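Here the structure is laid out as structure tokens; the discussion comes afterwards.
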Number of protein chains: 2
Amino acid sequence: MYPGQVPKTAPPEVRAALVERAATMLARREPVTLRSVVAGTGASTMAVYTHFGGMPGLWRAVRQEGFERLAARLATVAPTDDPVHDVVALGAAYVANAVAHPHLYRAMFDEAADLDDRSVADGGLAALVAAAERARAAGRFAPDCDPEQLALRYWASGHGLTTLVLTGVLPREVLLAQWPRIAKALFVDAGDDPARCARSVDAAWPPHLP
Amino acid sequence: MYPGQVPKTAPPEVRAALVERAATMLARREPVTLRSVVAGTGASTMAVYTHFGGMPGLWRAVRQEGFERLAARLATVAPTDDPVHDVVALGAAYVANAVAHPHLYRAMFDEAADLDDRSVADGGLAALVAAAERARAAGRFAPDCDPEQLALRYWASGHGLTTLVLTGVLPREVLLAQWPRIAKALFVDAGDDPARCARSVDAAWPPHLP
DNA sequence: CCAGGATACATAGCAGTGCTATAACTTGCG
DNA sequence: CGCAAGTTATAGCACTGCTATGTATCCTGG
């Protein structure tokens, strides 16, 4: 045991500790610098380079962590017999996650192009596509409605609303009020019956915010 | 004249030169640092502090410049006798501006909460609201349609699509293909006739990209 | 059980960052 | 003309991400 250090037998633990520490500092709005991150874990600056290859690598890992938390949250949304409701419920979980971890959310889409494992990020969209597909199969959406493109429109619109609120451009009330209205417009455009769509959407909104 | 310096009689010129230089470096994807900015103008680092109060102040001025360029571009969109067409034309100009100056666009919405003069930024949304108001007055949108809220939905949705493309998450084709579809959904939801709406939207899309 | 090689480590130091204190300079007004 | 106000250049501060170097730890093979 070298002077003044804890055992630290398993390398992956250091890796996880650094990512968690960075995410925590991000949540506390503290500046996430190389030295400040390692200071909380007891490790030295070199740990960041051996495990992540540098500061950009650490950020990549943090974004990865963010997408995994999002995926875990979306996974808690249990499918019902109303697929349109489920799409909105996924949106509510998405918003709840973004509001709960605003700085992590912003970091996720700051340089989203490069990630260690994009499959996790794509998984979130896949859940949306699957729900849209069920809606089409159930006759809620028109047969010529492409579930993936609808999911893309829905996600992009919600993402825009979310980022504008998280950056402080728009107040949170706008997000809560306009999201369901946009959802209804997109789903009716996709072929759903307006009255039935409104019932499904209103049943899954608003999200449970902290 | 002090050693090795140009006349430099008017202070506002230095201010403008620094902002323009920063915007240029942003467009060239060069790192915008204090020393690199002043190096191009011949001024010293202190100029940034006397004119902007520091680096964050410079960024604020750059964002301001970005919103003014956007406003100028939106102002070139001449109103026609089809207000729904005009809303989409404004969106096309918005996208063209964002694609032409992607890094400036990202900087604009990075910390959009603080600006020297928010009225310029609000002006862009106001043009959208005005067009929506004309659409309602012309009977295209329902009487109970709030033009401001519709403009908010339209802008937020387009902003989400735009940012996801600019960050490289989605390919540009998605933006070009999904924007008009979202627009139609929102406008039909606002009360427009589907067929007539489609004609108006398709007449103003796609934007002229560089 | 114990070498030996690969890996991860701590330390010190590099160039570069935003920023500030000080002093010299230029300008505008009485 | 002379003085006060405002701007500038210079030097230096603490800090950043990063690298070079030598050391300690772990895992494997005999």
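FYI, side chains are in, hydrogens and waters are out, and symmetry mates aren't considered; it's all heavy atoms of this structure. Being a predicted model, the structure only gives us computed values, none of them experimental. Naming convention: chains lettered A, B, ... in sequence-line order (proteins, then strands); numbering from 1 in each chain.
- At the heavy-atom level, Pro31(B) lies nowhere under 4.0 Å from the strands shown.
- Relative to the side chain of Met55(B), the nucleotides dA9(D), dG17(D), dG18(C) differ in distance, and dG18(C) lies closest.
- Of all nucleotides listed (dG17(D), dA8(C), dT7(D)), dA8(C) comes nearest to the side chain of Thr50(A).
- Regarding Arg60(A), its CZ atom lies at a distance of 17 Å from the P atom of dG17(D), rounded to whole Å.
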Practice task
Applying side chain to side chain contact (heavy atoms under 4.5 Å, CB included), run through Asp110(A) and Thr167(B) and close with a yes or a no.
Solution key: CA-CA 7 Å; Asp110(A) 231 33; Thr167(B) 54; over 6 Å; no
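- At whole-Å resolution of the value, CE in Met25(B) and C1' in dT17(C) are 13 Å apart.
- Comparing atom distances between the Leu34(A) side chain and each of dC19(C), dT10(D), dG17(D) picks out dG17(D) as nearest.
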Practice task
Test salt bridge (charged side-chain N to carboxylate O under 4.0 Å, His left out) on Arg136(A) and Asp146(A) and set out the steps.
Solution key: CA-CA 9 Å; Arg136(A) 187 181 60 173; Asp146(A) 183 334; over 6 Å; no
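- In this structure, Thr33(A) reaches the dT16(D) phosphate: one of its side-chain N or O atoms is under 4.0 Å from OP1 or OP2.
- Residues Tyr105(A) and Phe67(A) keep their aromatic ring centres 6.0 Å or farther apart.
- Straight-line distance from the OH atom of Tyr49(A) to the P atom of dA12(C): 18 Å, rounded to whole Å.
- What separates CD of Glu30(A) from C1' of dT16(D) is a distance of 17 Å, to the nearest Å.
- Candidate nucleotides dC19(C), dT10(D), dT11(C) were compared by shortest atom distance to the side chain of Thr45(A), and dT11(C) ranks first.
- Side-chain to base pairing of Arg35(B) with dG16(C): no donor and acceptor N or O lie closer than 3.5 Å to each other.
- We find that CH2 of Trp59(A) is positioned 10 Å from P of dG17(D), with the value rounded to whole Å.
- Under 3.5 Å, the side chains of Ser157(B) and Arg153(A) contain no donor-acceptor pair of N or O atoms.
- Counted by atom type alone, His159(B) and Tyr154(B) present zero donor-acceptor pairs between their side chains at under 3.5 Å.
- As a whole-Å value, the separation of His51(A) NE2 from dC18(D) C1' is 17 Å.
- Residues Val32(A) and Met46(A) both approach DNA chain D. Their nearest nucleotides, taken by heavy-atom distance, put Val32(A) toward the 5′ side.
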